[in-house]
Amino acid sequence: MQAILNVALPIFGIILAGWLAGRWRILGAESSAALNAFVSYFALPVLFFGSLARAPVAAVLDPPLIAGLSLTVLATFALGMLSTRLAGRTSLAAMSLQGIAAAWGNVGYMGVPLCLAAFGERSLPPAMLSVIVISVLCMVIGVMLVELEVAAGHGPLRTFLRAAFKVARNPLPLSMALGIAASAVQLPMPSPVEKWLDLLGAAAAPCALFAIGLFLSDQSVRSGLVEAGMATVIKLVLQPLLILLILPFFLDLQSIAGRIAILMAALPSAANAFVLACQFGISVEQNSAAVLISTAFSVITVSALLVWLRVA
């Protein structure tokens, strides 16, 4: 109960506050887009860059964690694609978007704040490495497979380059790469710069959680419930089980990196699944429902996991 009261309740409480603000129309119609832009382009990139630039590269680039997470993400991505195939849809793009919903958890907006609340500052290097691995794998593979169908005839090389360009333009992987590079060359940080990084980075966690609530307040569940339900089961149940089976081959589950990997695997579907579905105009209802349903049920699953991990 202490883990739920000290960690889960504040996290989901901020999401609820954002949801209520959206439902009651307190912040205006454009508030969700504005807050998401602030979090995506300023607060989270500054938090990631500042933390990584001041951490030793060896503490961030953890090959066993990368291997264990990668295998888990690829396995759940494949299960997500298979679930859509079993539902009777054979479109490669639809299968890929279902794979994204099943494999790509809300590791940036929810995962980093949750790790900070549960484990403190020591959790940032493995938490951000988890964000890199999960986001880059799902973005590159998912977008590539969608592009193979949407942009048929352009060739695999051009498709890969288009997907890689989308990842490179994303401010989160870019800020992480710059932070690791700054750490590698031991870039000096003047005190005013450090304070600026700390102040702006401190806004990332509450604003990101509030933004999730705002986003969810505009979503509804009208159709696509079968596929959304399968994506939710894969994301909240099968991915944590897979990480528990795969990760011990690479690192200790009781280590800080192991516990963070388990927590990251149990997060609900990221809003990126819905955003990409909207961009391509494919499976929009299914992915919207998957984000909404998985986030609602994650209140139970994440809280239970925090108790199991003995987080105080």
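- Within the model, atoms CZ of F210 and CG of L27 stand 5.0 Å from one another, a figure rounded to the nearest 0.5 Å.
- Scored by the side-chain hydrogen bond (donor to acceptor under 3.5 Å, both in side chains) test, T76 finds Q239 as partners (sequence neighbours excluded).
- In this structure, T84 OG1 and Q286 CD are separated by 8.0 Å, a value rounded to the nearest 0.5 Å.
- Taking CG of L116 as the start and OG of S51 as the end, the distance is 7.5 Å to the nearest 0.5 Å.
- Counting heavy atoms from C-beta outward, I260 and F119 have side chains that approach closer than 4.5 Å.
- V226 and L86 fall into different hydrophobic clusters, where Ile, Leu, Val, Met, Phe, Trp and Tyr are joined by side-chain heavy atoms under 4.5 Å apart, directly or via other members.
- In this structure, L200 CG and F42 CZ are separated by 8.0 Å, a value rounded to the nearest 0.5 Å.
- The OG atom of S91 lies 10.5 Å from the CZ atom of R85; values are rounded to the nearest 0.5 Å.
- Among residues two or more places apart in sequence or in another chain, the salt bridge (Lys or Arg N to Asp or Glu O under 4.0 Å) test is passed with D252 by none.
- Taken to the nearest 0.5 Å, the OG atom of S255 stands 8.0 Å off from the CG atom of D62.
- L199 belongs to no multi-residue hydrophobic cluster, having no ILVMFWY side-chain contact under 4.5 Å with any other such residue.
- Counting only N and O atoms by type, the side chains of Q98 and S83 include a donor and acceptor under 3.5 Å apart.
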